[in-house]
Every structure is written in C-alpha cells, then in structure tokens.
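Taking it in order: structure first as structure tokens, then the write-up.
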Amino acid sequence: MDHLTTTKHTTDTEATHTQKIAGQKRDASAITTVSSQGSSASSGEGLEIRNESKREGEVKRPKLGEEQTSSNRSDNNMALIEETSMEGRQCFVTVGATAGFRPLLSEVITPEFLNCLADNHFDLLKVQCGEDFEWFDEQVKSLPSSPVTIERFAFTENMAKHYIRSRGEMSVRMPGVVVAHAGSGTILEVLRLQVPLVVVPNPTLMDNHQAELAQELESTGDAVYGRLGKLTEAIARSLELVAQDELRKQQHLQDLRNVEKSFQRELEQAKVPQTETVQDRRQRDLD
C-alpha cells in the first residue's frame, strides 16, 4: 500500500467509463491525490483516488473519542499481530451500486462497531459506499478519532482484490470479513473466493426479500446474517466460524499426518519378516 498521508481518515476512489462490471456502475472522472502537506494533483481516469493513513510502524490505535497520544493508545488491536509478525484483519464493507444503503454505512463507523473491530485485531476498515460517497466521506471526517484506519471509495472495476484482502493469507495476514448488502452478484463472488461473509439485508427493498436470502445462507453455514443495529454480534459470529474452520483444517492436517505415520509403520513392519525369511533361506542353503 502506498503511504500518502499520516491522517487517520482516508479516501480511496476508483472510476472508469460508465459500464457494469460484476454488478457495479462506474463513471469516468479525474483523479485527485491529496498529499500530507495538503497539496493536490490531478491524474487520468481509471486510477485510484487515495488519501491513506500511514500505518507503517504504528502499533497502537486509540478507541473512538480518545486523544491520539502515545500515552493512551490501546494495544488490544495489535498485540497478536506484533507477536506473529502478521498483518491485521481487514473488514471490507460494500453496498453495491444499484441503491444506497446509508443505515449500513452509518453503523460501521459507530464507536461500538469500530471498537469491536479494534478489539478483534482488525486494523483496516475499507468501505465501498457507492452513490453516498460524498455523504459518507463527510461523516468519516467528522469522527474525532478512530481505532482502525478507514478507507472509502465510491465504485471500482476490481472488487475481487478487496474481497481477497479480507480472506487472509497463511503467515501473511489474519482472515477478516466482508460485510455486504444482500445482492446476489456480490454474495456469489465472495463465496466463490471463500471469504468470510456477513450479509446485511436492506429492509427498504422489495418487501425485505433479502432477509430470506440471508437466513438461507446462515442456515447452510455459508454466511452470517447481519442485522442492522447488531452488526457487532455478526462480526463476533463470523470470527467464531473462522476459528472453527481453522480448527477443522488443523484437525484434518493432523489426521493426514497420523495416516502417513501409520502407513510408514506398516511398511517397516512388512519389511522385517521378508528380510528374515530371505536370511533364513540363505542360512539353510549354507547348511
């Protein structure tokens, strides 16, 4: 990640010609990059607009509402990351492009939600906010502080890279979560990439039909049903499922190791009588 500023609140916007890519609408626009000195420069379309936080060397982050000083920053968020030398978790929030979803955007920047992320070793909240980008950007800028870095953008032609960053990578970064509106295209793509998923229905759309989809996904164990007003519970549930899945993987690997050891022992045991029989035969021939 390019480190352009040392500000806590960040902006990441991508745009291309109007089109639909994986269900997302995009418009061409110029790019403005704001430096830490406050200067700006414009560039061509199709690039990212960023005003990112410089996280390199940053170990502790304050809870929302605290002053950002070295004496009162909480170490809950980064303790495990320091011990393992791994990157923290990413929470990626997407609302799609067909309709706004301000209730979801509002909740993910509440003190309760941000502190929940920090307490569970998340160090990055990235938000695709669609048509509400300007509104959301102002909301983030008005926050007194944040225990995690917040990045946001309107649309992008490559959602997959943001999903994958939340999947985690062995010995590199911890698995995070995607918090998504209940759009079928988004859900299928996230599940295809095997990323932990929280599905949040928009109750204002089509008689709340999305709630049925979220309930079905939760019943099959493919995703967590995220309810507005209770997203911290959904994050906790998602992390619980991630931990259970990791235990299953570890148990499976141990089972494979045990099978291999057993097979090796059987091979060794099979070789002993065969060797003895040959030696005995040679001894009899000598006699």
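Count residues from 1 along the sequence.
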**Prompt:** Just wondering, do Trp135 and Ser106 contact through their side chains at under 4.5 Å, heavy atoms?
**Reply:** yes
**Intermediate values then yes/no, side-chain contact (heavy atoms from CB on, under 4.5 Å), Gln128 and Phe92** = CA-CA 8 Å; Gln128 181 270 317; Phe92 179 56; 4.0 Å; yes
**Prompt:** Do side-chain atoms of Gln210 reach the backbone of Pro203 as a donor and acceptor pair under 3.5 angstrom?
**Reply:** no
**Fill in**
Closest non-hydrogen atoms of Met174 and Met86, given as atom of the first, atom of the second and distance, are N-CE, 3.7 Å
**Message:** Show the nearest heavy-atom pair for residues Val198 and Ser238, with the distance to one decimal.
**Reply:** CG2-CB, 4.0 Å
**Prompt:** Do Glu266 and Ser262 come close enough that some side-chain heavy atom pair is under 4.5 Å?
**Reply:** yes
**Prompt:** Would you call Glu268 and Arg265 a salt bridge, using N to O less than 4.0 angstrom?
**Reply:** no
**Request:** Decide yes or no for Val93 and Phe101: does some side-chain heavy atom of the first lie under 4.5 Å from some side-chain heavy atom of the second?
**Result:** no
**Asked** With no hydrogens and no angle check, is any side-chain donor or acceptor of Arg89 less than 3.5 Å from a backbone partner on Pro175?
**Response** yes
**Item:** Closest heavy-atom pair and its distance - Leu228, Pro103
**Value:** CD1-CB, 3.9 Å
**Item:** side-chain contact (heavy atoms from CB on, under 4.5 Å) between Leu143 and Ile150, worked out
**Value:** CA-CA 11 Å; Leu143 295 176; Ile150 303 174; 3.8 Å; yes
**Request:** Verify, without hydrogens or angle tests, whether Glu218 (side chain) and Tyr225 (backbone) share a donor-acceptor contact under 3.5 angstrom.
**Result:** yes
**Request:** Might you confirm whether atom CD of Gln254 has over 12 heavy atoms from other residues, nucleotides or ligands at distances under 6.0 Å?
**Result:** yes
**Prompt:** Roughly how far, to the nearest 0.5 Å, is NE2 of His162 from NZ of Lys126?
**Reply:** 5.0 Å
**Message:** Tell me every residue that passes side chain to side chain donor-acceptor pair (under 3.5 Å) with Ser184, counting only those two or more places apart in sequence or in another chain.
**Reply:** none
**Item:** side chain to side chain contact (heavy atoms under 4.5 Å, CB included) partner of Leu197, the single match among Leu193, Val195, Val199
**Value:** Val199
**Asked** Between CZ of Phe155 and CD of Glu131, what distance do you get to the nearest 0.5 Å?
**Response** 6.5 Å
**Item:** Residue pair Arg152 / Val140, side-chain heavy-atom distance below 4.5 Å
**Value:** yes
**Message:** With side-chain contact (heavy atoms from CB on, under 4.5 Å) as the criterion, how do Leu191 and Leu217 come out once you've worked through the C-alpha distance, each side chain's angles and the decisive distance to 0.1 Å?
**Reply:** CA-CA 10 Å; Leu191 294 181; Leu217 290 169; 4.1 Å; yes
**hydrophobic_cluster_shared for Val242 and Leu231, side chain cutoff 4.5 Å** = no
**Prompt:** When you look at Ile109 and Gln139, which way does the side-chain contact (heavy atoms from CB on, under 4.5 Å) test go after all the steps?
**Reply:** CA-CA 8 Å; Ile109 54 173; Gln139 302 304 307; 3.7 Å; yes
**Message:** Could you measure the distance from the OG1 atom of Thr204 to the CZ atom of Arg102? Nearest 0.5 Å is fine.
**Reply:** 12.5 Å
**Fill in**
Of all heavy-atom pairs linking Gly226 and Ala234, the shortest is CA-CB, 3.9 Å
**Message:** Would you say that more than 12 heavy atoms from the other residues, nucleotides or ligands in this model lie under 6.0 Å from the CD of Gln194, or not?
**Reply:** no
**Fill in**
Shortest non-hydrogen pair, Gly100 vs Asp132, comes out as CA-OD2, 3.6 Å
**Prompt:** Can you tell me how far the CZ atom of Phe133 sits from the CD atom of Glu138, to the nearest 0.5 Å?
**Reply:** 9.5 Å
**Request:** Rounded to the nearest 0.5 Å, what's the gap from SG on Cys116 to CZ on Phe122? Could you check?
**Result:** 7.5 Å
**Main-chain N/O of Gln90 paired to Ser166 side chain as donor or acceptor, under 3.5 Å** = yes
**Prompt:** What heavy-atom pair brings Thr232 and Glu112 nearest, and what distance separates the two atoms?
**Reply:** OG1-OE2, 3.5 Å
**Message:** I'd like to check Glu212 versus Glu216 (side-chain heavy atoms, cut-off strictly below 4.5 Å). Are they in contact?
**Reply:** no
**Heavy atoms from other residues, nucleotides or ligands near CD of Glu134 exceed 12 (cutoff 6.0 Å)** = no
**Complete:** CE of Met159 to NZ of Lys161, rounded to nearest 0.5 Å, is 11.0 Å
**Arg192/Glu189 ion pair, N-O < 4.0 Å** = yes
**Item:** Residue pair Leu213 / Ile187, side-chain heavy-atom distance below 4.5 Å
**Value:** yes
**Request:** Please examine the side chains of Leu239 and Val177, heavy atoms only from C-beta on, and report whether any two atoms are closer than 4.5 Å.
**Result:** no
**Prompt:** Are any of the side-chain heavy atoms of Leu104 and Val179 separated by less than 4.5 Å?
**Reply:** yes
**Prompt:** Can Arg167 be said to sit on top of Tyr163's aromatic six-ring, NZ or CZ under 6.0 Å from centre and within 45° of the ring axis?
**Reply:** no
